[in-house]
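Below you'll find the structure, written out as structure tokens, and then a few comments.
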Amino acid sequence: MYNELKNNWDNILNKLKNDYDLTDVAFRTWILPLSLHSVKNDTINLVFNGEAASMSIGIIEKKYILPLKVVISEITGNEFSRITISEPNAAEPADEYETPAPSQLNQRQTESNLNPIYNFDSFIVGSNNDMAHAVALAVAEQPGTYNPLFIYGGVGLGKTHLMHAIGNYILENNKQLKVLYTSSESFTNELIDIMRNGKKDNTDFSEFRSKYRSVDVLMIDDIQFIIGKDRTQEEFFHTFNDLYMNQKQIIITSDKPPKDFLLLEDRLKSRFSVGVTVDIKSPEYETRVAILKKRAELKHYDIDDSVFQYIADNIVSNVRELEGALKKITLFANLSNQKITLPLAQDVLKDLINPDSTIKVDCNRIIEIVSEHYGVTVTDLLSNKKTKNIAYPRQICMYLCKELTEETYAGIGKALNRKDHSTIIHGVTKIAEEIEENQSTKSNIDVLIKKINPN
Ligand code: ADP
Ligand code: MG
């Protein structure tokens, strides 16, 4: 058990961050410094190697023990009743035993940063993702077929899952290929660390470069986070070229299609577009039920269909929330020793499904979200600047205000600081036409609407 936990430790911590939406700071301060010390019966002993240990341990014990238990049970399939955390010098010496060498697959898995639970078997295909799934499978079977592969879609719709699935498939079926998964945040952070602590002779840079350029398959998750980070963009551009020239497979995910990266350098945008771009949309009702059933089956939960239907009826925004709801129900049933029934599900989910405060969608909220989505400032959106990378998101605001609020053209004009309301009519019509003609504009608008109103 110790070895299984040890081998999966990074996965466990990353999943905790992902599933529970930890901020980078919280993750770095409390979670990353946790290391596995020993495992005895159903107790896991951890050591905290970070700052202000006793206070931090108090916080971790209060907030993160239950999430840790849930994530550990999800990844390893084992439930532990206790997790203890000690300061480094207070921990009892660990039992001495030989750590058997990890199997070859395990070692490649660890080096690749891939999470084995995200595979094709556990990925449900529906009309929202069938194209993305088909292309992903083709790339997995024959890396290099579509290069680069660019997958985009809203949060929690399965981009990361699909990407890991490709990687895991290659690890299993193509023993000689080297696969590396990274988030664009880690890529950026690694680079920042080197620039901060870098040695004069640039050895760290060459290590960094060879790490990313010596692989056969490179996956970069959530590329939108490198926007506006010039140095990272530059470094990634060269990495990309190097791999591409050598016919190595590159896979990228993002929350929007390449053409909507208004602040991304054109040379990168055009590189992204030479391969294949596919999107993932929100799942339909049947797919939502199928995903829930698959989840329950993997976990051997015995749950009545009415419960799946209830969840799928009420939680429509994304798969992560769908799974979160199921997790909440099963955890609650477990802890309180009750059977999973429809009334129990209704009770557990009442806050999720009928939240007291629904988000108020008004023009200001729309402007804020559009500004964040396109990486432009609100001030610019409200200004008179006419460059395309500002004028276009501004027109998107006009369209969304018309679609999602009751405002008149004049009211929208006021919110956007435009005197002449014919400008607004023009903007709304232009985007409406573009949506009709262009599938990717439509998907992008769908993503934006989800961001504006996740309920
Ligand atoms: P994204 O990267 O798009 O934000 P993730 O890949 O992290 O989303 O997916 C969120 C959760 O939903 C994960 O636990 C993932 O396994 C699950 N999930 C998403 N799509 C599917 C699917 N089609 N079938 C099964 N599980 C899915
Ligand atoms: Mg993701």
Side-chain angles (χ1 to χ4, degrees), residues 11-22 24 27 67 70-75 113-137 149-169 181-187 219-226 251-257 277-299 301 308 311-312 315-328 330-331 373 443-444 446-447 450-451 454:
N11 284 336
I12 290 170
L13 300 189
N14 285 324
K15 188 167 163 50
L16 182 78
K17 173 168 194 284
N18 203 8
D19 287 2
Y20 292 85
D21 285 333
L22 301 197
D24 275 345
F27 183 68
V70 173
V71 171
I72 289 173
S73 89
E74 289 206 316
I75 290 194
N113 292 332
L114 287 170
N115 185 340
I117 66 166
Y118 291 146
N119 52 45
F120 282 115
D121 287 340
S122 57
F123 191 82
I124 301 289
V125 185
S127 56
N128 60 316
N129 61 18
D130 50 355
M131 184 70 190
H133 172 262
V135 174
L137 199 57
L149 169 59
F150 194 103
I151 305 171
Y152 74 94
V155 287
L157 295 181
K159 301 180 298 293
T160 300
H161 185 140
L162 199 56
M163 196 179 217
H164 280 256
I166 301 174
N168 284 315
Y169 189 98
Y181 165 90
T182 186
S183 65
S184 71
E185 278 167 310
S186 326
F187 188 87
M219 311 180 165
I220 305 260
D221 208 356
D222 289 323
I223 195 84
Q224 69 270 20
F225 294 121
I226 72 164
I251 307 171
I252 299 165
T253 69
S254 162
D255 65 346
K256 50 184 163 294
T277 300
V278 286
D279 69 337
I280 302 188
K281 301 189 196 63
S282 298
E284 290 175 347
Y285 175 78
E286 292 77 11
T287 314
R288 297 201 292 277
V289 173
I291 289 173
L292 289 168
K293 284 193 169 172
K294 180 80 187 183
R295 248 299 124 143
E297 180 195 308
L298 288 173
K299 305 253 162 206
Y301 294 141
F308 295 130
I311 304 175
I315 299 195
V316 297
S317 50
N318 74 49
V319 182
R320 187 172 298 138
E321 281 177 18
L322 208 58
E323 293 188 334
L326 184 64
K327 205 184 290 175
K328 220 168 156 186
T330 51
L331 200 68
H373 184 80
S443 316
N444 186 39
D446 286 345
V447 168
K450 275 274 143 50
K451 284 189 179 177

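Atoms within each ligand, like the ligands themselves, are counted from 1 in listed order. Heads up: numbering here begins at 1 and tracks the sequence.
Inclusion of G156 in the set of residues having an N or O under 3.5 Å from an N or O of ligand 1 is warranted. Of the N or O atoms in V155, none lie within a sub-3.5 Å distance of an N or O in ligand 1. Remark: ligand 1 and I124 share an N or O pair separated by less than 3.5 Å (distance only, no angle test).
For the 3.5 Å distance criterion, the side chains of S443 and D446 fail to qualify, holding no donor opposite an acceptor. Defined by atom type and a distance below 3.5 Å, a donor-acceptor pair is present between the side-chain atoms of Y181 and D221.
In summary, the atoms of ligand 1 found under 4.0 Å from a heavy atom of G158, numbered by their order in the structure, are 1 (P), 3 (O), 5 (P), 6 (O), 8 (O), 9 (O), 19 (C), 20 (N).
With R320, M163, H161 as candidates, the residue nearest to atom 7 (O) of ligand 1 on a non-hydrogen basis is R320.
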Could you give the side-chain donor-acceptor pairs of residues 319-328 under 3.5 Å, partners two or more places apart or in another chain?
{"unit_1": "E321", "atom_1": "OE1", "unit_2": "S317", "atom_2": "OG", "d": "2.7"}
{"unit_1": "E323", "atom_1": "OE2", "unit_2": "R295", "atom_2": "NE", "d": "3.3"}
{"unit_1": "K327", "atom_1": "NZ", "unit_2": "D19", "atom_2": "OD2", "d": "3.2"}

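Look at G154 and you'll find a heavy atom under 4.0 Å from some atom of ligand 1.
Shown here are the protein N/O/S atoms lying under 2.8 Å from the Mg ion (ligand 2), water excluded: T160 OG1.
For residues 284-294, every residue pair satisfying the salt bridge (charged side-chain N to carboxylate O under 4.0 Å, His left out) rule, not counting sequence neighbours, is listed here: K293-D305.
Between Y118 and H164, the ring planes lie perpendicular to each other; the angle is over 60°, past the 30° to 60° tilted range.
The salt bridge (Lys or Arg N to Asp or Glu O under 4.0 Å) search around K451 returns D255, not counting sequence neighbours.
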